[in-house]
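Quick notes on the structure that follows.
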Amino acid sequence: MASVRTTGAFVAAISMSIVLFSYFLSNYRSKRKTPSPLSKNKKPRNGLIHAVGNTPLIRINSLSEATGCEILGKCEFLNPGGSVKDRVAVKIIEEALESGQLVCGGVVTEGSAGSTAISLATVAPAYGCKCHVIIPDDVAIEKSQILEALGATVERVRPVSITHRDHYVNIARRRALEANELASKLRKTEKIDGKVLEQINGCISDGEKKGSIFSSYCSGGFFADQFENLANFRAHYQGTGPEIWEQSGCSLDSFVAAAGTGGTVAGISSFLQEKNPNIKCFLIDPPGSGLFNKVTRGVMYTREEAEGKRLKNPFDTITEGIGINRLTQNFKMAKLDGAYRGTDKEAVEMSRYLLKNDGLFLGSSSAMNCVGAVRVAQSLGPGHTIVTILCDSGMRHLSKFHDAQYLSEHGLTPTATGLEFLGI
């Protein structure tokens with residue numbers, strides 16, 4: 001009898017152990033989040049184009065703690081082409097293809113200080129197009145090196161006034177016309193002296209066009225025209241602005257950014273103020289640019305020059321791609337409450353401060369935008385949420401903005417240990 005009781009107790013104990021083990025195992029599994037290889041939110045994006053946008057909005061900790069505001073940066077340097085201009089390149093090309101102004105196999109031409117050109121050269125092949133860019137010869141040399149590595153053809157030209165026929169934008173416009181004329185001529189010409197011309201990869205080979213820079217482009221050209229093409233504005237009004245609104249929890253007090261073409265600041269400010277008219281939007285303007293006076297006084301004028309007289313920017317600012325002395329169609333769309341001035345030294349100091357304190361390695365325009373964010377924080381006071389754009393990284397600014405010798409030669413060697421250069 002004792003043996004039966006012992007056996008029964010043993011069996012009961014084993015059964016209870018199994019039950020408890022099953023319970024804890026089930027409970028563990030229910031609480032444990034088994035990673036799915038491809039959840040609904042992490043499906044693979046459809047090629048390079050769909051990887052553009054949806055960049056993270058991050059808290060810039062050092063600036064937030066120093067000012068008492070939440071200063072947030074939209075990390076546009078994480079786009080495939082490394083800058084905010086990827087959005088513009090995609091929008092310009094897509095609209096051009098839809099309208100028939102650009103065809104597959106065509107060449108996109110653009111005049112650019114670097115970033116838009118790099119973005120166009122990055123995304124154009126995904127649409128079956130090629131890229132020809134004209135850039136000023138005083139921009140960082142690594143920009144042309146990147147462009148050539150991406151397969152674009154590059155012309156470096158001297159910086160002159162936009163009124164000059166050889167301004168890089170005007171040359172880009174002419175190059176598109178030349179490509180279209182060549183394509184039209186090749187389509188019409190099927191025979192010369194009764195002999196059918198040999199065609200290689202769809203391109204007619206003949207002696208007449210041997211000297212053309214578009215000898216391999218036979219489907220026509222399209223001038224991207226980032227300054228005046230409102231696809232630039234729409235890229236940010238339809239993309240960047242809504243992303244900022246959603247990522248900030250539909251709760252921000254201010255937006256600030258510099259302007260080159262004006263598309264970024266215009267598209268984002270317009271969208272945000274439609275969502276909430278109380279959101280204050282500001283411009284931060286670099287040296288030599290007339291936009292500060294245009295916003296604050298209604299007159300396009302800068303102390304370094306009289307409007308329309310510039311042959312070359314007399315103030316050799318180190319901030320590439322921002323600042324301008326004319327009103328573009330894109331900038332006219334901006335909804336701004338005011339403007340601040342920034343200096344080259346402030347941008348340099350800010351870039352080093354952010355690298356040291358936040359691990360952010362930023363380019364010149366991104367650093368200037370952060371200067372603007374601090375200026376806005378100082379003006380509004382603690383407790384506000386301020387968003388700016390981190391346009392690109394420092395990787396394409398190595399030979400100037402991040403070169404110690406270059407900065408020393410221009411009296412811009414950083415010396416600050418904190419944010420004292422902004423009065424903090």
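All heavy atoms count here, side chains included; hydrogens, waters and symmetry mates do not. For reference, positions follow the sequence shown, starting with 1.
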Check whether the side chains of [X] and [Y] place a donor and an acceptor atom closer than 3.5 Å, and report yes or no.
X    : Y    : value
T55  : E76  : yes
D285 : S289 : yes
T153 : H132 : yes
K280 : Q273 : no
H397 : E142 : no
T261 : N330 : no
Y168 : E110 : no

Exercise for review: Give the C-alpha distance, both sets of side-chain angles, the deciding distance and a yes or no for side-chain contact (heavy atoms from CB on, under 4.5 Å) between R175 and I134.
Suggested key: CA-CA 9 Å; R175 293 294 180 255; I134 297 87; 4.0 Å; yes

If you round to the nearest 0.5 Å, how far is [atom2] of [Y] from [atom1] of [X]?
X    : Y    : atom1 : atom2 : value
S119 : D86  : OG    : CG    : 3.5 Å
L336 : K294 : CG    : NZ    : 12.5 Å
L291 : I324 : CG    : CD1   : 7.0 Å
L97  : Y127 : CG    : OH    : 7.5 Å
S366 : L390 : OG    : CG    : 5.5 Å
D138 : I141 : CG    : CD1   : 11.0 Å

Backbone N or O of [Y] within a donor-acceptor pair of the [X] side chain at under 3.5 Å?
X    : Y    : answer
D253 : H384 : no
T109 : A172 : yes
S408 : A404 : no
N170 : I162 : yes
S64  : I71  : yes
S351 : S364 : no
N357 : S62  : no
H410 : Y406 : yes
S269 : A266 : yes
H164 : D166 : yes

[X] and [Y]: which non-hydrogen atoms are nearest, and at how many Å?
X    : Y    : value
S248 : L57  : N-CD2, 4.0 Å
A231 : E95  : CB-OE1, 3.4 Å
G221 : N180 : N-OD1, 2.8 Å
N325 : G288 : ND2-O, 2.9 Å
R87  : N54  : NH2-N, 3.8 Å
I244 : L252 : CG2-CD1, 4.3 Å

Check your understanding: How about F282 and Y340: are their ring centres within less than 6.0 Å of each other?
Key ->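 Yes: the rings meet the under 6.0 Å criterion.
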
Output yes when [X] and [Y] qualify as a salt bridge under the 4.0 Å nitrogen-oxygen rule, no when they do not.
X    : Y    : value
E94  : K91  : no
R375 : E346 : yes
E320 : R396 : no

Review point. Run the side-chain contact (heavy atoms from CB on, under 4.5 Å) check on L419 and E349 step by step: do they pass?
Key: CA-CA 8 Å; L419 288 171; E349 294 283 13; over 6 Å; no

Within the structure provided, determine whether [X] and [Y] are in side-chain contact (heavy-atom separation under 4.5 Å).
X    : Y    : answer
M300 : N293 : no
L283 : V256 : no
I279 : S254 : no
L407 : D403 : no
S365 : T319 : no
C370 : I60  : yes
Q378 : T67  : no
Y353 : L63  : yes

Check your understanding: Checking R326 against F227: charged group under 6.0 Å from the ring centre and within 45 degrees of the axis?
Key -> yes

Point to revise | Cation-pi check, R352 onto F401 ring (under 6.0 Å, within 45° of axis) | key: yes

Exercise for review: Classify the ring geometry between F361 and H402 as parallel (under 30°), tilted (30 to 60°) or perpendicular (over 60°).
Suggested key: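 Correct class here is tilted.
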
Review point. Taking atom CD of E409 as the centre, does the number of heavy atoms from other residues, nucleotides or ligands within less than 6.0 Å exceed 12?
Key: yes

Practice item. Might you confirm whether atom CD of E148 has over 12 heavy atoms from other residues, nucleotides or ligands at distances under 6.0 Å? Key: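 Yes, because the 6.0 Å sphere around CD of E148 holds more than 12 heavy atoms from other groups.
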
Check your understanding: Going through the checks in order, is the side-chain contact (heavy atoms from CB on, under 4.5 Å) test met by V169 and F223?
Key -> CA-CA 9 Å; V169 170; F223 174 43; 3.8 Å; yes

Exercise for review: List the steps, then state whether side chain to side chain donor-acceptor pair (under 3.5 Å) holds for T328 with E228.
Suggested key: CA-CA 6 Å; T328 67; E228 309 301 333; 5.2 Å; no

Exercise for review: Apply salt bridge (Lys or Arg N to Asp or Glu O under 4.0 Å) to D358 and R59, showing your working.
Suggested key: CA-CA 10 Å; D358 299 89; R59 182 179 189 264; over 6 Å; no

Exercise for review: Would you check, one step at a time, whether the test side-chain contact (heavy atoms from CB on, under 4.5 Å) holds for N369 with C391?
Suggested key: CA-CA 9 Å; N369 283 349; C391 313; 3.4 Å; yes

